[in-house]
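The structure presented is a predicted model; accordingly, all values stated were derived computationally and were not measured. Numbering of residues begins at 1 and proceeds along the displayed sequence. Just follow the structure's listing: the first ligand is 1, and inside any ligand the first atom is 1.
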Amino acid sequence: MRIAILADIHANLTAFTAVLRDCVERGGVDEYWFLGDMVNYGPEPEKCIKLAQRLKHIAVAGNHDLAAIGELPTRLFNPDAVLALEWTKRQLSQQSIRTLAGLKQQEVRGDFLLVHGSPRDPVNEYLISKALAEENFRVFKNRYAFVAHSHEPLIFRMEKEGRVSFVRFTEGIGQVIGDARLIINPGSVGQPRDGDPRASYAILDSEASMIRLYRVSYDIGAVQRKMVKANLPMRLVARLEKGL
Ligand code: ZN
């Protein structure tokens, strides 16, 4: 089975559709796993939710998804994010609000745990260091976990003796899904922050026991124009082309 792992789409429909096209060009996938933050920041939250619903998928809730439906206080967000959240709330249909409200904070498929933040704090923790990974490996039982939230593609690996190492997850890396426990972040589709503005996602091939990262170019200018038209904060518009 081939599974596309998509995280932090952030209402960027242009990046989302470019990634779906890329999946098809690579021979297709059987299922999509969404790691949260489908909405906020970008200009097309409603269409992103609708499109995701049409795909065979599982999904977990991100902090922005919960804030967009009033289930997380906006004081936890920076001023630009709050402005964008207020705008996002006005775009969502009742049906999409119900869809977001129905998301769980974690899902399990086989040996994989899916969360947005981290295994111990599925909504809010940024899992971005070996020390944090070590602590998190202790609190979940599954062999592997997928996380998102930091928008940085990373792989944490626990060796047999318990030591944790990490690598930046780049296009060149084919990570074997084997004995070692792993925490994997596939990066962000709609707002990458690792200095590469291209959309980031991964394909897990369960028969080959391998996961690979892909980066996909998309029309960033078109998204920025839609954001300007919607009066979304300029800092959010500008950061897309820098991937920061
Ligand atoms: Zn996010």
Assess whether atom NZ of K89 is packed by more than 12 heavy atoms of other residues, nucleotides or ligands within 6.0 Å. yes
Tell me the protein N, O or S atoms under 2.8 Å from the Zn ion (ligand 1), in chain and number order. D8 OD1, H10 NE2, D37 OD2, H151 NE2
Picking from F112, Y144, Y201, what satisfies ring-ring contact (aromatic ring centres under 6.0 Å, His included) with W33? F112
Is it the case that over 12 heavy atoms from other parts of the model lie below 6.0 angstrom from the CD atom of E71? yes
Sub-6.0 Å ring centroid separation between Y41 and H10: yes
Just wondering, do L35 and E107 contact through their side chains at under 4.5 Å, heavy atoms? no
Is R181 positioned over the aromatic face of F140, cation under 6.0 angstrom from the ring centre and no more than 45 degrees off axis? yes
